[in-house]
Amino acid sequence: MDQLAPTRPEAEAAAPPPAAPRADPLPSPAADTAARPGWRTRLIMFGLPLALVAGGVGWWLLSGGSVSTDNAYVQMDKVSVAAEVGGRITEVAVRDGEQVAKGQLLFRIDSEPYALNVAQATAAIDAARVEVGNLAAGANTSAVEIAAAREEVRFAQVNFERQAALMEKGFTTRAAYDASRHALAQARERVRQAEAAAVEARTRLAAGPASGINPQVEAARVQRAQAEVNLARTSVRAPSAGRVAQADRLQVGQAMVAGLPALTLVDTAHPWVEANFKETDLADMRVGQRAEIRFDAYPGLKVRGHVLMIGAGTGSEFSVLPAQNATGNWVKVTQRVPVRIAFDEKPARDMIAGLSAEVTVFTGGGTVAGK
């Protein structure tokens, strides 16, 4: 068996040589291009963020800064309409929320008592004119009485002179002489009375220096004019255009008290925004600076505006119970100042008084609305 078995070196020589290790294949150009990102991808990844950053920085540098607040509300002019005369309501011509024009009828008050007052004032004018006629007739009568009194004076004067001559010759009595002298004095007194009555009649008949009309007639005309004004006031009309609010309080048959607010007119055509900025935001704020307004009720709506007015005092200065800062337990609170923002364009949605808004005022760069 030892002879048949080959020797060890021979066995090693007969064994096949071991296989050489295989090298990794080289990547193809197409596979390398697919693995690396393209130039568009790199542009989007790096260029877009850089552009956004550059745009934000540029906007900040150009705008110069801004201040904003969400303590802002839409405001409108509101007119409380009250009846100027009292009475029972006979007609309500508007409803709540209706848009009315200036001079449009709102409601009526019973006009019959005021029409009677006009008739009574007209009768007073006629009475005054009759009185003026009586005064004119009295003046003419006084002239006649003056003439008659003067004639009596002449007759009494002649009789007195005759009695005086007879008295000197002793052909009359002392009693007759005294009687003639007394008659002359009475005649002269009647002349003075008639002249005084004539002066009084002319004075009462004279026209006023301002109006050129007799004062009694003028007073009666004024009374009728006042009665006509009150009659016209029974028809309550809109003092300005606007939207009616609180008209549901008016009912036919209700007694209206003069001066009591009956309804409210809201001027929806000229809204503005009152923004209450912190006092620390006012350092660079000026009248005329442009502003941007957003509304909680209308997401996405943005309206351009400008600063119309900066308030003359903080809100606490005009409160019913102002703060007592001179007390020992004083705590400093940042005050707010009302700033009126005017609209530079008509909003795309209807404005409602009291809507919440957010206002941003661009305070830098000297940018002023309209410039």
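Just so we're clear, the structure is a prediction, and the values are computed from it rather than from any experiment.
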Task: side-chain hydrogen bond (donor to acceptor under 3.5 Å, both in side chains) between Gln335 and Ser316, worked out - done: CA-CA 8 Å; Gln335 300 297 311; Ser316 62; 3.0 Å; yes

Could you pull out the closest heavy-atom pair between [X] and [Y], with the gap in Å?
| X | Y | answer |
| --- | --- | --- |
| Ala101 | Ala238 | O-CB, 3.5 Å |
| His306 | Gly288 | CB-O, 3.9 Å |
| Ser80 | Thr264 | OG-OG1, 4.3 Å |
| Arg286 | Ala283 | NH1-O, 3.1 Å |
| Pro271 | Val74 | CB-CG1, 4.3 Å |
| Phe362 | Ser66 | CD2-CB, 3.8 Å |

Which value, rounded to the nearest 0.5 Å, describes the distance between [X] atom [atom1] and [Y] atom [atom2]?
| X | Y | atom1 | atom2 | result |
| --- | --- | --- | --- | --- |
| Glu161 | Leu184 | CD | CG | 8.5 Å |
| Ile109 | Glu84 | CD1 | CD | 9.5 Å |
| Met256 | Asp110 | CE | CG | 13.5 Å |
| Leu355 | Ile293 | CG | CD1 | 12.0 Å |
| Asn117 | Glu228 | CG | CD | 11.5 Å |
| Leu116 | Ser111 | CG | OG | 9.5 Å |

Open item on the list: What verdict does the side-chain contact (heavy atoms from CB on, under 4.5 Å) test give for Phe277 and Val359, after you've listed the backbone C-alpha separation in whole Å, the side-chain angles of each residue and the deciding distance to 0.1 Å?
Closed with: CA-CA 9 Å; Phe277 282 94; Val359 176; 4.1 Å; yes

Any side-chain heavy atom of [X] sitting closer than 4.5 Å to one from [Y]?
| X | Y | value |
| --- | --- | --- |
| Val361 | Ser68 | no |
| Asp267 | Ser240 | no |
| Leu282 | Val337 | yes |
| Val79 | Pro239 | yes |
| Val67 | Thr360 | no |

Task: Distance-only polar pair, side chains of Thr69 and Glu358, donor-acceptor under 3.5 Å - done: no

Task: Side-chain H-bond candidate by donor/acceptor type, Gln157 with Arg188, under 3.5 Å - done: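 Yes.
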
Task: ring-ring contact (aromatic ring centres under 6.0 Å, His included) involving Phe160 - partner list, sequence neighbours excluded - done: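 For Phe160, the residues satisfying ring-ring contact (aromatic ring centres under 6.0 Å, His included) (neighbours in sequence not counted) are Tyr177.
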
Step through the shown structure and confirm whether more than 12 heavy atoms of other residues, nucleotides or ligands are within 6.0 Å of [atom1] on [X].
| X | atom1 | answer |
| --- | --- | --- |
| Glu189 | CD | yes |
| Gln104 | CD | yes |
| Phe155 | CZ | no |

Starting from [Y], can I reach [X] by hopping between I/L/V/M/F/W/Y residues whose side chains sit under 4.5 Å apart?
| X | Y | value |
| --- | --- | --- |
| Val287 | Met285 | yes |
| Phe107 | Val100 | yes |
| Leu263 | Val252 | yes |
| Phe343 | Ile352 | yes |
| Tyr73 | Val266 | no |

What residues form a salt bridge (charged side-chain N to carboxylate O under 4.0 Å, His left out) with [X], not counting sequence neighbours?
| X | result |
| --- | --- |
| Glu274 | none |
| Glu151 | Arg154 |
| Arg181 | Asp178 |

Task: CA sep, side-chain torsions, deciding dist, call: Leu308, Ile341, side-chain contact (heavy atoms from CB on, under 4.5 Å) - done: CA-CA 5 Å; Leu308 181 64; Ile341 307 297; over 6 Å; no

Task: Trace of the salt bridge (Lys or Arg N to Asp or Glu O under 4.0 Å) decision for Glu98 with Arg243 - done: CA-CA 6 Å; Glu98 181 179 351; Arg243 191 174 181 182; over 6 Å; no

Open item on the list: Which residue is it: Asp70, Thr314, Asn71? I am looking for the one with a side chain to side chain donor-acceptor pair (under 3.5 Å) to Asn276.
Closed with: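 Of the listed residues Asp70, Thr314, Asn71, the side chain to side chain donor-acceptor pair (under 3.5 Å) partner of Asn276 is Asn71.
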
Open item on the list: With side-chain contact (heavy atoms from CB on, under 4.5 Å) as the criterion, how do Met351 and Tyr298 come out once you've worked through the C-alpha distance, each side chain's angles and the decisive distance to 0.1 Å?
Closed with: CA-CA 10 Å; Met351 292 290 99; Tyr298 308 127; 3.8 Å; yes

Heavy-atom donor-acceptor pair, [X] side chain to [Y] backbone, under 3.5 Å:
| X | Y | value |
| --- | --- | --- |
| Arg233 | Ala83 | no |
| Gln254 | Gln251 | yes |
| Glu152 | Ala187 | no |
| Asp96 | Gln246 | yes |
| Gln289 | Asp284 | yes |

Task: salt bridge (charged side-chain N to carboxylate O under 4.0 Å, His left out) contacts in which one or both residues fall within residues 296-319, not counting sequence neighbours - done: Glu292-Lys302, Arg304-Glu345

Distance-only donor-acceptor pairs under 3.5 Å for side chains of residues 85-94, two or more places apart:
from, atom 1, to, atom 2, distance (Å)
Glu91, OE1, Arg108, NE, 2.9

Task: Test side-chain contact (heavy atoms from CB on, under 4.5 Å) applied to Asp77 and Trp272, step by step - done: CA-CA 9 Å; Asp77 289 328; Trp272 75 87; 3.3 Å; yes

